[in-house]
Undergrad: 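Let me give you the structure first, and then I'll get to my questions.
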Protein chains: 2
Amino acid sequence: MLTARRVEILKAIVDEFIDTAQPVGSKTLVEKYGLPYSSATIRNEMAALEAEGYLEKPHTSAGRVPSNKGYRFYVENLTEKEVDEEVKYALSNIFDRQSMNVEEAIRESCKVISDMTSLTSGILGPDATKQSLEHIQLIPIDKRSAVCVLITNVAHTEHKVFNFAEEISVEDIKKCTDILNDRLKGTPLSDLSEKMESLKPLLVQHVRQYEMLFDAFVGAFVKFASDTLYFNGASNMIYQPEFSDIERLKSFMGKLNDSSLWRELTDTGTRQLALKTSKGSEVAWVDDLAVVSNDIRVNGQEDKVRLMVVGPSRMKYDKVMSLLDFIGQQIEKIYEEK
Amino acid sequence: MLTARRVEILKAIVDEFIDTAQPVGSKTLVEKYGLPYSSATIRNEMAALEAEGYLEKPHTSAGRVPSNKGYRFYVENLTEKEVDEEVKYALSNIFDRQSMNVEEAIRESCKVISDMTSLTSGILGPDATKQSLEHIQLIPIDKRSAVCVLITNVAHTEHKVFNFAEEISVEDIKKCTDILNDRLKGTPLSDLSEKMESLKPLLVQHVRQYEMLFDAFVGAFVKFASDTLYFNGASNMIYQPEFSDIERLKSFMGKLNDSSLWRELTDTGTRQLALKTSKGSEVAWVDDLAVVSNDIRVNGQEDKVRLMVVGPSRMKYDKVMSLLDFIGQQIEKIYEEK
DNA sequence: TTTAGCACTCGCATTTCATGACTGCCATTA
DNA sequence: TAATGGCAGTCATGAAATGCGAGTGCTAAA
């Protein structure tokens, strides 16, 4: 049973532990947090909190450490989540530059998040299997290069600059894009390069410089289809005391490169200990890691970009969550403007 | 005096140490390398090599470890540097895609280098203070976006996609680029955004939607001017035994983000222990780190892109150097084709 | 000049021990 | 009856002690 006093004690323990990374003892709570109970009372309450699964003991003679269940309660009930003014100011630089690409803006914010939290942040792009091609355009820049613009059914766009070995004729570009638009519309992004292969005969027939164009498009499709996993600040983890052991770092780094893992990590549906907060961000706990994520909806569609922060369970949830919420709003605003 | 036998012993020690990361003792050399001398003889020779500065002792009862001077000799005289066929094959994927941007190709190779060597690799772009603007083009993609193409005096080009909040008129784009080309030609890239400020009154006068365009260009100029330092695979270092101490990792990571450091590191002129090999790559040693770099000349000009690999002095020099040489050649070839 | 042999050095892993920060429980108190 | 003071018990942590073994340097003999 979580009495008000136990909640009070739990909050103090989580706060202290997040701050110092050291197991918290009953004496600390009296002395440092001025709780109006004796240490013996607090010990009794801590024992109760442990029995209910909110706290853990690293070993007998240490203080208590919050369990993931404890963190979950803390995040759900005990954080207030407000964004600092100074933080908003720091971020305004990024979002004020209207001319910036949405992708760039997201990446930039990702970097800022890593810097500000000293954690690892990541972006998981729209699932390539769920998007299909709506339209392709190829705009010549000069005689040997062109921009390829691809638009998906969720109004998501991607750009890629092509550079050709030889000069390329405008007619060929037109013919080629006409064929592709005709034949590839509606194809899921993940199948594009495969389906492209089957168009080869057709292109050979109608397009003189088919080879260069073909290679260029295949390259572009591969890029567009790849699960856009991007992450940043992995090396920040060396500053986290929970990673002072190199082996832990290694295992963490190994996990990062696997995008399916990221998806799973933040898939609140399957995770028992996950939590969906009111403001939008979600939190999930796995072993001694916590993942805070925020889905950015793209033009009100189902498909979305997921902004994430990963770190040890011992993280400043209020800071991270408010940051993620704020940035999520900003990015959605940019999307709306477009 | 480096007799042939001492060289033989030195080579064996360096080989063994690179392989095992353990100080090498006289017995190992006899048993594992089958050197036709007794361990006592080898001990004498090792003492001599140490006296001349090619070897070091971590402590009395350990084996010997190569000093940086030892590595230098090793690299200069004892490596043969040939690229594996399988490596060439692995890289051919990257360079065969002609449509790829040179910048992309370089970045991709950088990643491959990191993966293949388990070291950190980096790219140092042309020095922005040494390049000046030759020409700007702004090509509309659709009503709200355009590609900005910037060409420098060393025929280096950069692209950036602009996204505007409102529709933008073609006349405005034309007027704006005309003014910029007229007024900014010859300006060093590093001064562009500053000088842009002084053009504001002029733009206000002639261009209706000057504000959006102005912001977009300033953003682009900042990007073009920034010292293009890019590096990859820093987290590989956790697999290197010399970084099993977290503190070392921290200090290493701290250094990486400083581009002036990278420049200095590979500035063979100032570094005593640096080495310029015949094939092109340079090696420098600083403390217990080694940096192998390869300058890629851009269109025969003085200005260049520098491809680098950093790691502990104990690295597989022949592998790294041959890789860097090979990739350097490939990239120069792409540049020539353009 | 090379080699065998031996004494010596020193890092490293292991053990032992003392310390102190906790807890848990019980008897006492308000 | 809930809160508290007190005390015994636990266990990580760090320091000092110990033994081991890899490797050296030196000397004397081949």
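These values consider heavy atoms only, across backbone and side chains, with no hydrogens, waters or symmetry-generated copies.
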Undergrad: Which parts of residues 3-26 of chain A get close to DNA chain D, meaning a heavy atom less than 4.0 angstrom away?
TA: A:Arg5
Undergrad: Answer yes or no: side-chain N or O of B:Arg64 and base N or O of D:dG25 forming a donor-acceptor pair under 3.5 Å.
TA: no
Undergrad: With the side chain counted from C-beta on, respond yes when A:Arg6 and A:Glu52 share a heavy-atom pair under 4.5 Å apart, and no when they do not.
TA: yes
Undergrad: Over all heavy atoms of both residues, which pair between B:Phe243 and B:Pro312 is shortest? Give the atoms and the distance, please.
TA: CE1-CD, 4.2 Å
Undergrad: Can you tell whether the side chains of A:Glu8 and A:Lys11 come within less than 4.0 Å, N to carboxylate O?
TA: no
Undergrad: Can you run down the side-chain hydrogen bond (donor to acceptor under 3.5 Å, both in side chains) pairs that involve residues 53-64 of chain B, sequence neighbours left out, and say none if there aren't any?
TA: B:Glu50-B:Arg64
Undergrad: Would you mind reporting whether A:Glu76 and A:Thr277 have side-chain heavy atoms less than 4.5 Å apart?
TA: no
Undergrad: What is the 5' to 3' range of DNA chain C, first to last nucleotide, that sits under 4.0 Å from any heavy atom of chain A?
TA: C:dA21 to C:dG24
Undergrad: Within the supplied structure, the quantity of interest is the number of heavy atoms (other residues, nucleotides, ligands) at a distance under 6.0 Å from B:Lys316 NZ; does it exceed 12?
TA: no
Undergrad: Distance check needed: D:dG25 P versus B:Glu45 CD, whole Å only.
TA: 12 Å
Undergrad: Considering residues at least two apart in sequence or located in another chain, which fulfil the side-chain hydrogen bond (donor to acceptor under 3.5 Å, both in side chains) criterion with A:Asp288?
TA: A:Arg248
Undergrad: Over how many whole Å does the gap from A:Lys27 atom NZ to D:dT4 atom P extend?
TA: 17 Å
Undergrad: Listed in order of residue number, which residues of residues 33-42 of chain A have a non-hydrogen atom at under 4.0 Å from DNA chain D?
TA: A:Tyr37, A:Ser38, A:Ala40, A:Thr41
Undergrad: Without hydrogens or angle criteria, can the side chains of B:Ser293 and B:Arg306 be said to hold a donor-acceptor pair below 3.5 Å?
TA: no
Undergrad: Heavy-atom distance under 4.5 Å between the side chains of B:Val291 and B:Val283, does that happen here?
TA: no
Undergrad: Quickly work out the B:Asn44 CG to D:dA28 C1' distance and round it to whole Å.
TA: 13 Å
Undergrad: In residues 56-63 of chain B, what residues come within less than 4.0 Å of DNA chain D, judged by heavy atoms?
TA: B:Lys57, B:Thr60, B:Ser61, B:Ala62, B:Gly63
Undergrad: To check you understand the geometry: which heavy-atom pair defines the closest contact between B:Thr120 and B:Ala234, and what is its length?
TA: OG1-CA, 3.4 Å
Undergrad: Using a 6.0 Å cut-off, check whether atom NZ of A:Lys27 has over 12 heavy atoms from anything other than its own residue.
TA: no
Undergrad: Which heavy atom of B:Lys88 sits nearest a heavy atom of B:Phe326, and at what distance?
TA: CG-CZ, 3.5 Å
Undergrad: Give me the one residue out of A:Asp318, A:Asp15, A:Thr79 that meets side-chain hydrogen bond (donor to acceptor under 3.5 Å, both in side chains) with A:Tyr74.
TA: A:Asp15
